Amino acid sequence: MNAFRLAGDMTHLISVLVLLLKIHTIKSCAGISLKTQELYALVFATRYLDIFTDFISLYNTVMKLIFLGSSFSIVWYMRRHKLVQRSYDKDHDTFRHQLLVLPCLILALLIHEQFTFKEVMWTFSIYLEAVAILPQLVLLQRTRNIDNLTGQYVFFLGAYRSLYILNWIYRYFTEPHYVHWITWISGLVQTLLYADFFYYYISSWKNNVKLTLPA
Amino acid sequence: IRLKGEKDEL
């Protein structure tokens, strides 16, 4: 495993920990989109169907369990925990996530490498992950008042995507036959979605002012 | 062709 990949996984892990920290210790999910969190739970559930059938490494299995466990517990917290539930900004989190799930499913049925259940589900999860952040970005833009932990959560998620792109470039030049168009194009689309947020995040950090997004 | 164990990314 190369350094970009490891750094990518670690920033992904940090983003989840930041979010769990916010939810678990402060008992608040203000500014967090339940729609995005539900989409991530669906992404991991459909991607890691191989968790008990294909063993890759202990690292791989443990990370999969962490991402599955954390995404479902975040959804549980936001839906069922009395205090956390109260801080959920339901009125602004109105993105219709069916509008993302259905096109991704259709696209996965049309464009995939093998027409098997596991492969189509895996491809669906790749497409869905690319756009799953959209409800969160829309919510940020609507609330405009972004607290530090929420900003850091989205920043680390974006960092994870950018590092994965560097990882793919590295692997392409160092490993034979390393070509994965579906993953690359989806990953690129996903990273581009963060570009706008990154711009405002970094300029607010540079100018040492609170992060706000333009309307 | 995808080789077995190639999906080593998360």
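Every heavy atom of this structure was used, including side-chain atoms; hydrogens, water molecules and symmetry mates were not. Protein chains get the first letters and strands the later ones, always in sequence-line order, with residue 1 at the start of each. Quick caveat: nothing in here was measured; it's all calculated off a predicted structure.
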> Please walk me through it: do B:K7 and A:R47 pass side chain to side chain contact (heavy atoms under 4.5 Å, CB included)?
Replying inline: CA-CA 10 Å; B:K7 269 188 207 148; A:R47 183 173 308 167; over 6 Å; no

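Within 6.0 Å of the OH atom in A:Y170, the count of heavy atoms belonging to other residues, nucleotides or ligands does not exceed 12. Surrounding OH of A:Y172 are at most 12 heavy atoms belonging to other residues, nucleotides or ligands under 6.0 Å away. Other residues, nucleotides and ligands place more than 12 heavy atoms under 6.0 Å from the CH2 atom of A:W76. Open room surrounds NE2 on A:H24; 12 or fewer heavy atoms of other groups in view lie less than 6.0 Å from it.
With a threshold of 4.5 angstrom between heavy atoms, A:F44 does not approach chain B through any atom at all. Looking at A:D9, only its side chain comes within 4.5 Å of chain B, counting heavy atoms on both sides.
The CZ atom of A:R171 sits 4.0 Å away from the CG atom of B:D8 when rounded to the nearest 0.5 Å.
The two residues A:K64 and B:L10 come nearest to each other via the heavy atoms CG-CD2, 3.8 Å.
Taking chain B as the reference chain and counting heavy-atom pairs below 4.5 Å, the highest number among A:R5, A:M1, A:E129 is found for A:R5.
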